[in-house]
Amino acid sequence: MQSQSPIILLNKFFSIGSKPSPETFPELPICVLWLRFVLAIAFALYLTSSPTAGVVSILFGLNIVTFTPLLFCKMLLLADMDAWENKLTFTGVPNAVGLLLLVWVYCFTNQHEEEEAKFITTMIAQQAIQQVATFDDSVLSSEDILAGKSSNDMFDQAETHSEF
């Protein structure tokens, strides 16, 4: 198979009504794969700017990535889907969904840096509380540990209040 320039491939891919077949356009599954990647990135960027998020949005993204290229091939290119067997149906769908999630998580994390910093600080404080509690013989509350008190402070307080 002779490789063609990207311009020729794009011209073939966007030729409306061209009725591609595996013999006339064997590169169609690769073009569909790249279309899925572009759709995944575009939808992930849309998700970061929209107020909706969650499982429903991700499932909607899965549907866009899966079925939009199929509709493009079937309705606009008039491709015979049976001739391609399953090469067009699910080529690159898991990769495109993975790319969608990767871009969405990256952009979402960049938009919420304050919450991320607060979460990290809370996790470090919780870890410090657990470490101090395991190495300390006395029972200290989390407020005492965060206030900087130690078991020696509590022992000193107990001595001053005892009446021996």
>> So, using side chain to side chain donor-acceptor pair (under 3.5 Å) as the criterion, who are the partners of Y46 when residues are at least two apart?
In response: none

> Would you say W104 and V56 are hydrophobically clustered, going by side-chain heavy atoms of ILVMFWY under 4.5 Å?
Replying inline: no

> About how many Å separate CG of D80 and CG of L88, when rounded to the nearest 0.5 Å?
Replying inline: 10.0 Å

>> Grouping I, L, V, M, F, W and Y whenever their side-chain heavy atoms are under 4.5 Å apart, do V65 and I30 come out in a common cluster?
In response: no

> Residues in side chain to side chain contact (heavy atoms under 4.5 Å, CB included) with N95, at least two apart?
Replying inline: F37

>> If hydrophobic clusters are built by linking Ile, Leu, Val, Met, Phe, Trp and Tyr wherever their side-chain heavy atoms come under 4.5 Å apart, do V38 and F60 end up in the same one?
In response: no

> Which pair of non-hydrogen atoms, one from F13 and one from L77, has the smallest distance, and what is that distance?
Replying inline: O-CD2, 3.2 Å

> Would V105 end up clustered with V97 when hydrophobic side chains under 4.5 Å apart are linked, directly or stepwise?
Replying inline: yes

> Can you name the nearest heavy-atom pair linking A40 to A96, along with the distance?
Replying inline: CB-O, 3.2 Å

> Pick one: which of V103, I58, L100 meets side chain to side chain contact (heavy atoms under 4.5 Å, CB included) with F43?
Replying inline: L100

> Say you draw a straight line from NE2 of H112 to SG of C107; how long is it, rounded to the nearest 0.5 Å?
Replying inline: 11.5 Å

> Side chains of W34 and R36: does their closest heavy-atom pair fall under 4.5 Å?
Replying inline: no

>> Any non-hydrogen side-chain atom of C31 less than 4.5 Å from a side-chain atom of F25?
In response: yes

> What are the two closest non-hydrogen atoms of T89 and E85, and how far apart are they?
Replying inline: OG1-O, 4.1 Å

> Which pair of non-hydrogen atoms, one from L33 and one from G92, has the smallest distance, and what is that distance?
Replying inline: CD1-CA, 3.3 Å

> How far apart are the closest heavy atoms of W84 and P26, and which atoms are they?
Replying inline: CH2-CA, 4.3 Å

> In terms of hydrophobic clustering (I, L, V, M, F, W, Y; side-chain heavy atoms under 4.5 Å; direct or indirect links), are L78 and L76 co-clustered?
Replying inline: no

> For A83 and P22, which heavy atoms make the closest approach, and how far apart are they?
Replying inline: O-CG, 3.5 Å

> Which value, rounded to the nearest 0.5 Å, describes the distance between L28 atom CG and L35 atom CG?
Replying inline: 10.0 Å

> Would a distance-only check, ignoring hydrogens and angles, find a side-chain to backbone donor-acceptor pair under 3.5 Å from S15 to S18?
Replying inline: no

Anything under 3.5 Å between a donor and an acceptor, one on a side chain of residues 66-73, the other on a protein residue two or more places apart or in another chain? List them.
from: T66; atom 1: OG1; to: L62; atom 2: O; distance (Å): 2.8
from: T68; atom 1: OG1; to: I64; atom 2: O; distance (Å): 2.9

> Listed by chain and number, what are the side chain to side chain donor-acceptor pair (under 3.5 Å) partners of S50, not counting sequence neighbours?
Replying inline: T52

>> Distance check, rounded to the nearest 0.5 Å: L39 atom CG versus L99 atom CG?
In response: 11.0 Å

> Atom CG in L10, atom OG in S5: separation rounded to 0.5 Å?
Replying inline: 8.5 Å

> Taking atom CZ of F108 and atom OG1 of T48, what is their separation to the nearest 0.5 Å?
Replying inline: 10.0 Å

>> Can you list everything that forms a side chain to side chain donor-acceptor pair (under 3.5 Å) with D82? Sequence neighbours excluded, please.
In response: none

> Who are the side chain to side chain contact (heavy atoms under 4.5 Å, CB included) partners of E116, not counting sequence neighbours?
Replying inline: T109, I120

